[in-house]
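In what follows, a structure is listed as C-alpha cells, so that the remarks can point back to it.
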Amino acid sequence: MPLDKTYLDIPGTTVFDAEQSRKGYWLNQFCMSLMKADNRSRFKANERAYLDEWAMTEEQKQAVLARDLNRAIAAGGNIYFLAKIGATDGKSFQQMAASMTGMSEQEYRDMMVSGGRVMTSGTAGGLPNSPATDAAQQSRASSPRGGRARVTASVYTSHVPAIGVAIDQGKTEERYWKPLFEGYEFSRRWLHAHAPDVVFLVYNDHANAFSLDMVPTFAIGTAAEFQPADEGWGPRPVPKVIGHPALAAHIAQSVIQDDFDLTIVNKMDVDHGLTVPLSLMCGKPEAWPCRVIPFAVNVVLYPVPSGRRCFELGKAIRRAIESYDEPLEVQIWGTGGMSHQLQGPRAGLINRQWDNQFLNLLIDHPATLSKMPHLEYVREAGSEGIELVMWLIARGAMADASGGPKPKLARRFYHVPASNTAVGHLVLEEDPAS
Ligand code: DHB
Ligand code: FE
C-alpha cells in the first residue's frame, strides 16, 4: 500500500497519478485517436464497434457510450484526454465540466459568471507550513520501519548484447565466453540465496523504447509487464518482465515530490540493457525469479545527467522504497559500462586502469566519485563508457550514502573483452542492521 497519498482526500477531485494513468491507459489512448478526423467519423458511425477495437474494460466503454465523464474519470480517464470525446460531440470544456456537477449547463454558466464555485470545505492545503503537510512529512521521517520495504543489496554489471546472444544460443561454454560466465557463477548462486521480491533495475534504452521524438532523462516503468524489445534481430527468447506497478507508482510519487523529474512510462519494451543483466544473474529460467521495475536513464543523447545527480537520485529512491509499507526486499541494480567505445576511429577503446579505479572508488568513496564530470567518463572510458554514470544511482541507494553503515563487498569481477566492452561486476550487500 503506498503511503502519503494525501491528495486522495480532496473532495470531489480525482488526482491523475501514475496508478490512475495505468488504469486508464487504453481509455485515454482511445480518446487520443479521436484527434484524427477519419477516426472521429468511424467512431460516430458505430461507437460500439469502434470502442471494441480498443483493449478497454467494459466499464470504460459503458462510461464513454453514456458520456458519463465522472464514471470515465473513476475508470482512469483524464479530462484532457476525455475532452476529445466532447470535442467530437461538438461540446465545449464548459459544457463538459457542467455535465459532471449535477447542474444544468445554464446553472453552471450562471455560477461561473457570478464568480465560480465557492470553496466550502478544506483549507489552503498547498501553502507552506500547512499543518497537514508538516504532519505527513514528520510521520514519514520519524516512524519506525515496521512492515516497510527495505533495500537489501545492490548489483552492478555491464550489459553487452552479444552476452545475451551467447546465452540464448548456448555458447557460454565456448572458449571466448567461458571465463566471462564463470565470473558470474558466484553471483547466480548468491542471487538464488538472496532472492529479492523486487529488483529496481537502472539501465539505458538503446533507441528501442524511445525514438528521438521524446527522450526522457529518467523514466520509471509503472506497467504490470514489459516485453523484450525487438532490437532488429527479433525479441530475445527470454521471459517477459513482470513489474510492480504499485511500488513503481509510489517511488514515482515520492521521488518526484523529492524534487527529481521522472517520466512515468505505462508502456514500453525493454532492450538488452535490462534483459542481459537479468540473464547474467539468473541464467535461463522459465520466468524471472522476481518482479522488476525498469528505470531508464538517458545516456545516449546529450546532455546526460551528472554523476552527482544520479547519486542524489539514488538516495531519493532509497527514501521512497523505505517509505513503502509492505515488507518487500528490494535490490537496486546499476547496469551498463565499463569502458567501451562503439563509434569512430577510437572504437574498441578499453581502459583497464581507469575501470578498476572506478570500481575502487565506487566501493569505498562513492560521494567523491559522484563529483567526476561526465566528460571524464567519455574521454577515459570511451563514448559509451558514460553508461557507468548509472551505477551511481544504485550506489546512492545504499545506506552509507545517507549516513548508515557501509555495505559488504560480496563479489568483484572484471573481464576483457565481451564484444567491444570491458565487463565489470560488483555485488554489495547491505548491513542487515541498516
Ligand atoms: C556493445 C556494448 C553495449 O553497451 C551496447 O549497448 C551495445 C553493444 C558491444 O560491446 O558490442
Ligand atoms: Fe549499452
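These values consider heavy atoms only, across backbone and side chains, with no hydrogens, waters or symmetry-generated copies. The model shown is predicted, which means the values in this text are computed figures rather than measured ones. Numbering of ligands and ligand atoms starts at 1, following listing order.
- Contact check on R71 versus E59 returns a salt bridge, with a Lys/Arg side-chain nitrogen under 4.0 Å from an Asp/Glu carboxylate oxygen.
- Evaluated by nearest non-hydrogen atom to atom 4 (O) of ligand 1, the leading choice among Q341, E384, H340 is H340.
- Of the protein's non-hydrogen atoms, P161 CD, 3.3 Å is the one closest to atom 8 (C) of ligand 1.
- Taking every non-hydrogen atom of S419 and a distance limit under 4.0 Å, the qualifying atoms of ligand 1 come out as 9 (C), 10 (O), 11 (O).
- Contacts between A418 and ligand 1 below 4.0 angstrom, taking non-hydrogen atoms only, involve the backbone exclusively.
- Sparse packing is recorded around OH of Y80, with 12 or fewer heavy atoms of other residues, nucleotides or ligands lying under 6.0 Å away.
- A tilted orientation is assigned to the rings of W26 and W54, their planes being inclined by 30° to 60°.
- Counting heavy atoms of neighbouring residues, nucleotides and ligands inside a 6.0 Å radius, atom NZ of K267 does not exceed 12 of them.
- Within 6.0 Å of CZ on R42 lie more than 12 heavy atoms contributed by other residues, nucleotides or ligands.
- Of the candidates E231, E387, H272, the one placing a heavy atom closest to atom 5 (C) of ligand 1 is H272.
- Centroid-to-centroid, the aromatic rings of Y203 and H272 stay 6.0 Å apart or farther.
- Using cut-offs of 30° and 60° for the angle between ring planes, the Y324 and H244 rings count as perpendicular.
- For E387, the N, O or S atom with the smallest separation from the Fe ion (ligand 2) is OE2.
- The protein non-hydrogen atom at the shortest distance from atom 9 (C) of ligand 1 is N420 ND2, 3.3 Å.
- Taking backbone and side chain together, H340 holds no N, O or S atom under 2.8 Å from the Fe ion (ligand 2).
- Per-residue contacts place T421 under 4.0 angstrom from the following atoms of ligand 1 (heavy atoms of the residue considered): 1 (C), 2 (C), 9 (C), 10 (O).
- Counting backbone and side-chain atoms alike, H272 contributes no N/O/S atom closer than 2.8 Å to the Fe ion (ligand 2).
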